[in-house]
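A short write-up of the structure that comes next.
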Amino acid sequence: MPREEHQGLVSGASSSGTDGTSKSTKTNHLRGLICWGIFAAFLIFFIIMAAVYTDPKRYKEAEPEDYLGEEDRVLYNGLGQVYFTPSSPKLNAMAQFQLGLQLMHLFWYDLAIQKFQQARAMDPNFAMAYWGEAMCYKQPLWQTEDLASAQAVLAQLKKSQALRYASDREQQYVAAAQTLFAANVSLQDRETQYAVQMRILWDDNQDDPDACALAALAVLGKLQSVGNYAASNAATLAQIAENILDDCVYFFPNHAGAYHYQAHMYDVAVDDWHLTGTPSTGLAASVKLAKLAPKSNVAQHMASHFYVRTGNWSQAALSNQAAVAASDSYCNAVEQGNACDADNRWHALEWQLFSQTQQCGAKAAYTSYTRMQAVAKSMNYTGDYGQWLYRSYAHMQLQSLNSLGIIPLRNATDNTTEMLPPPLYNTGGIENAVDIADHFWPPHAEAHALLARVYALTFERNVSQLSAPGVRSTVAAALARLDLIVATQTSLVANSSANADAASANADMLALLTTVQLQAKAVVGASECAAKLSSCNTTSWMALMDQALMLHKNVSRSTTLPSLKIAPTPEFYGRLLDATGGNSTLAKQLFMQCLDELPGRMQCLLGLARSTIKLNDLPSATSIYSKLQTQCALGDKTFPALLEARSRTASPPPPAKKGLLRRSLREQAVAATA
Ligand SMILES: *[C@@H]1O[C@H](CO)[C@@H](O)[C@H](O)[C@H]1NC(C)=O
Ligand SMILES: *[C@@H]1O[C@H](CO)[C@@H](O)[C@H](O)[C@H]1NC(C)=O
Ligand SMILES: *[C@@H]1O[C@H](CO)[C@@H](O)[C@H](O)[C@H]1NC(C)=O
Ligand SMILES: *[C@@H]1O[C@H](CO)[C@@H](O)[C@H](O)[C@H]1NC(C)=O
Ligand SMILES: *[C@@H]1O[C@H](CO)[C@@H](O)[C@H](O)[C@H]1NC(C)=O
Ligand SMILES: *[C@@H]1O[C@H](CO)[C@@H](O)[C@H](O)[C@H]1NC(C)=O
Ligand SMILES: *[C@@H]1O[C@H](CO)[C@@H](O)[C@H](O)[C@H]1NC(C)=O
Ligand SMILES: *[C@@H]1O[C@H](CO)[C@@H](O)[C@H](O)[C@H]1NC(C)=O
Ligand SMILES: *[C@@H]1O[C@H](CO)[C@@H](O)[C@H](O)[C@H]1NC(C)=O
Ligand SMILES: *[C@@H]1O[C@H](CO)[C@@H](O)[C@H](O)[C@H]1NC(C)=O
């Protein structure tokens, strides 16, 4: 509004009562005055609001979180303390950045990338927003990176003016990222130089918790690198990471990232690394993390890594239930669909499902499974969705004692005998042997689904079931597909011989895939023996399992991750011996080995109890069955393993009262006549 008009209005109002103007004019004047006043108030309000949004610095009382939408504000306050104050003058961009950084520390990468991009859109001169997005393209503990995307963001940063506005510390962060994503430098050199730079950054900025946490993560990243180059000085590196993390949590006790990385640190082969902390230090860090960051899936999930190690399945299930719920809560509110927080959400659902199978909770596990199935279907079984589904299917089949009958893999028609798991893995078109994301997990998931399918069609099936139409040909097709997967992996190991790192990672996976292939053949043979078919050849299937057991030694023992322990060889071998009435001494040894490697495995407890009975050690069997009963206290009341355990632990029936009474009456009569 023009300034003169405004002034005239004000002076007119002040003179109106004294210059004898009519009442109606006065009232009109007054009404006009009020209208204009309201209009002016709104105008001033809008001018202030506009100023706040374009230059939030002018609005001193505002906090960064005031610039976030409702759901984002909930996250901002539910992911641990925000420490980093970047040098962007715009509070709205700052808020997006800070939320992005919190999310990045909790491996919620997809959303973090969105937040860093929004921060950059709000303030194109915000160097740390570019930095954050680039850093999200490296997922050190997931062993993945998207180098091209990271380089593209850093190239845009270089083209922009943003670095001129960055503080010295921020320039150090950016320089470290440029090192991590340098073109034409080996993975080992990139990761090593990055860790050096982050260490210097932390030394130079002792009040910066993010520098502390990221310096430690850089070292953990080297230890767990796809490049696998750190084996010779792993203990030294691990001790460095431990020291940094001890500092981080001591000085910055509300930093979620520090606790998150500390938990990961103790979730590995700590014995070999001579660390001060132990897995229980990791559990304590996880519990603290879960409290600090109630809105993060990962923060809720982390403790289950430690509960799984000790077979504390009820806690593992609860932790993953909370993790899935944390993702659901945000994802449903923002209506982002099944892709929202997918990496964490469906990973936790797989773990929840597995923990449920270990408590004999077949129905609960099946509920998790049907959700996984619907999710995978909605995403057309692409990418990781197919893998989550296939692994869940394998967990269900191999742990359920067939108590659920046939479990459909993809849709209701897939449970017909002829149906094989449709291929997940393109055995023809492998281009880059170092790309673990593409060549590690898809064959692994598909191979286990094939094994589970063969198992479902043969294990504990009788003669007529084994000879039902389609069984033989389906089994043969599954075995042929497994042969192809193993052959491809063998060729991959040979082709990657020039790259020692890739060859070693590929060889590990080859060992695992080969055990799956051998076990699938063995279950077919053992089932023929169990069904007393004339084709039974015990020597033959046992030779396959002996071979698998040799290879099992080469499959990493240090991990208890459910996704990697779908069909552990000692458990599988022991169960085939049990089903065929084989050597109980050997079966008992195998189940004990299984429980030593994977405490609380439900099938191994059951198998151990059974083989102990066959070896006539009833008291031991009873105590093992009791343990199983406790573990399955919340499971399905009619789950076969639980029924079996209950029947074995039931105390002997009390002596019949009538008989006792009659005897005592007879004794009294005898006494009376005496
Ligand atoms: C990396 O190497 C490729 C092929 O040798 C070359 O074309 C490219 O320019 C190099 N990039 C950089 C940034 O040096
Ligand atoms: C599982 O963990 C919880 C929480 O730490 C503990 O209270 C419970 O005793 C544990 N249960 C078993 C069977 O170890
Ligand atoms: C799945 O496939 C259908 C049909 O081809 C398509 O319409 C849909 O967009 C796809 N969904 C996803 C998530 O790719
Ligand atoms: C079930 O899956 C199979 C193979 O993926 C497909 O051919 C079939 O059309 C599907 N059926 C339904 C009802 O979705
Ligand atoms: C396959 O699953 C559907 C739906 O669960 C069920 O109705 C059908 O009986 C099953 N068929 C077989 C052969 O198990
Ligand atoms: C095989 O098992 C099925 C399902 O339990 C049963 O219906 C059938 O009678 C059994 N056949 C033989 C020959 O035992
Ligand atoms: C290995 O290399 C050979 C020869 O170049 C090629 O034919 C084959 O497809 C490669 N194998 C894999 C799994 O990439
Ligand atoms: C059983 O299999 C073994 C090889 O594993 C073979 O040497 C042996 O001849 C077979 N026995 C029979 C009776 O076919
Ligand atoms: C296990 O790995 C070692 C070292 O890589 C190798 O020499 C050995 O042959 C492997 N064992 C089996 C059974 O493949
Ligand atoms: C059963 O297995 C045990 C342990 O492996 C072995 O010592 C024993 O000789 C086996 N017994 C028979 C009859 O094969």
Side-chain angles (χ1 to χ4, degrees), residues 110 331 335-343 345-346 371-389 397 400-407 410-411 414-417 422 424 442 455-472 475 522 525-550 552-553 569-596 604 607-608 610-617 638 640 643:
D110 52 350
C331 296
E335 295 176 354
Q336 279 193 1
N338 288 327
C340 173
D341 203 15
D343 287 316
R345 189 150 49 139
W346 312 127
R371 179 166 190 199
M372 196 70 254
Q373 213 182 17
V375 168
K377 182 170 186 223
S378 81
M379 306 307 278
N380 294 343
Y381 309 100
T382 51
D384 290 343
Y385 297 93
Q387 297 168 40
W388 281 310
L389 179 62
Q397 291 288 20
S400 71
L401 285 175
N402 286 327
S403 67
L404 292 166
I406 293 171
I407 301 160
R410 280 198 172 180
N411 60 31
D414 293 358
N415 58 351
T416 57
T417 306
L424 267 192
Y455 168 94
L457 288 171
T458 58
F459 188 74
E460 290 182 335
R461 299 285 165 198
N462 62 27
V463 180
S464 47
Q465 288 169 319
L466 286 176
S467 53
V471 168
R472 255 173 229 284
V475 166
S527 299
E528 287 172 4
C529 294
K532 307 214 176 345
L533 284 179
S534 59
S535 53
C536 163
N537 182 335
T538 303
T539 317
S540 167
W541 76 256
M542 281 186 67
L544 293 168
M545 286 312 301
D546 287 335
Q547 221 180 315
L549 199 59
M550 289 294 293
H552 174 75
K553 295 197 178 87
T569 305
E571 174 186 77
F572 206 87
Y573 197 169
R575 295 188 60 203
L576 295 188
L577 287 167
D578 178 46
T580 54
N583 185 336
S584 302
T585 309
L586 178 56
K588 185 180 166 184
Q589 282 170 4
L590 289 164
F591 288 126
M592 282 166 57
Q593 180 184 345
C594 167
L595 290 167
D596 174 49
C604 295
L608 181 62
R610 287 178 177 177
S611 52
T612 306
I613 285 186
K614 287 184 188 150
L615 295 168
N616 288 320
D617 180 359
T638 56
L643 290 179

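Predicted, not measured: the structure shown is a model, and the values here were computed from it. First listed ligand is number 1; within each ligand, the first listed atom is number 1. The analysis underlying the following values was restricted to heavy atoms, covering all of them including side chains, and did not include hydrogens, waters or symmetry mates.
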Test your reading of the structure: does Thr585 have an N or O sitting under 3.5 Å from an N or O of ligand 10?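 No, no N or O pair falls under 3.5 Å.
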Atom indices of ligand 6, in the order listed, that fall short of 4.0 Å to a heavy atom of [X]:
X: Ser464; answer: 1 (C), 10 (C), 11 (N), 12 (C), 13 (C)
X: Gln465; answer: 2 (O), 3 (C), 4 (C)
X: Asn462; answer: 1 (C), 2 (O), 3 (C), 8 (C), 10 (C), 11 (N), 12 (C), 14 (O)

Out of curiosity, Leu577 CG to Thr538 OG1, how far, rounded to the nearest 0.5 Å?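 Interatomic distance, Leu577 CG to Thr538 OG1, rounded to 0.5 Å: 9.5 Å.
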Distance, nearest 0.5 Å, that separates CZ of Arg345 from CG of Asp110: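 Reported to 0.5 Å precision, the distance equals 9.5 Å.
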So, the side chain of [X] versus the backbone of [Y]: is there a donor-acceptor pair under 3.5 Å, distance only?
X: Asn462; Y: Gln465; result: yes
X: Arg461; Y: Ala456; result: yes
X: Trp346; Y: Ala376; result: no

For Gln589, the ligand 10 atoms whose distance to one of its heavy atoms is below 4.0 Å: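 Answer for ligand 10: 4 (C), 5 (O).
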Parallel, tilted or perpendicular for Tyr455 and Phe459, by the 30°/60° rule?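 Geometry flag for Phe459 against Tyr455: parallel rings.
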At less than 3.5 Å, what protein N or O atoms come close to the N or O atoms of ligand 3? Include the distances to 0.1 Å.
| residue | atom | partner | partner atom | Å |
| --- | --- | --- | --- | --- |
| ligand 3 | 2 (O) | Asn380 | OD1 | 3.2 |
| ligand 3 | 2 (O) | Asn380 | ND2 | 2.2 |
| ligand 3 | 11 (N) | Asn380 | ND2 | 3.0 |
| ligand 3 | 14 (O) | Asn380 | ND2 | 3.3 |

Is the shortest heavy-atom distance from the side chain of Lys614 to the side chain of Asp578 under 4.5 Å?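 Answer yes - side chains close enough.
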Do Arg575 and Phe591 have side chains that get closer than 4.5 Å, going by heavy atoms?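 Side chain of Arg575 against side chain of Phe591, heavy atoms only: contact under 4.5 Å found.
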Using a 4.0 Å heavy-atom threshold (strictly under), name the region of Arg461 that reaches ligand 6: side chain, backbone, both or neither.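 It is neither part, as no heavy atom is under 4.0 Å.
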Do the side-chain N and O atoms of Asp546 and Tyr573 include a donor-acceptor pair separated by under 3.5 angstrom?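 Judged by distance alone, the side chains do pair up.
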Residue part near ligand 10, for Leu586, under 4.0 Å between non-hydrogen atoms: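 Both the backbone and the side chain of Leu586 come within reach of ligand 10.
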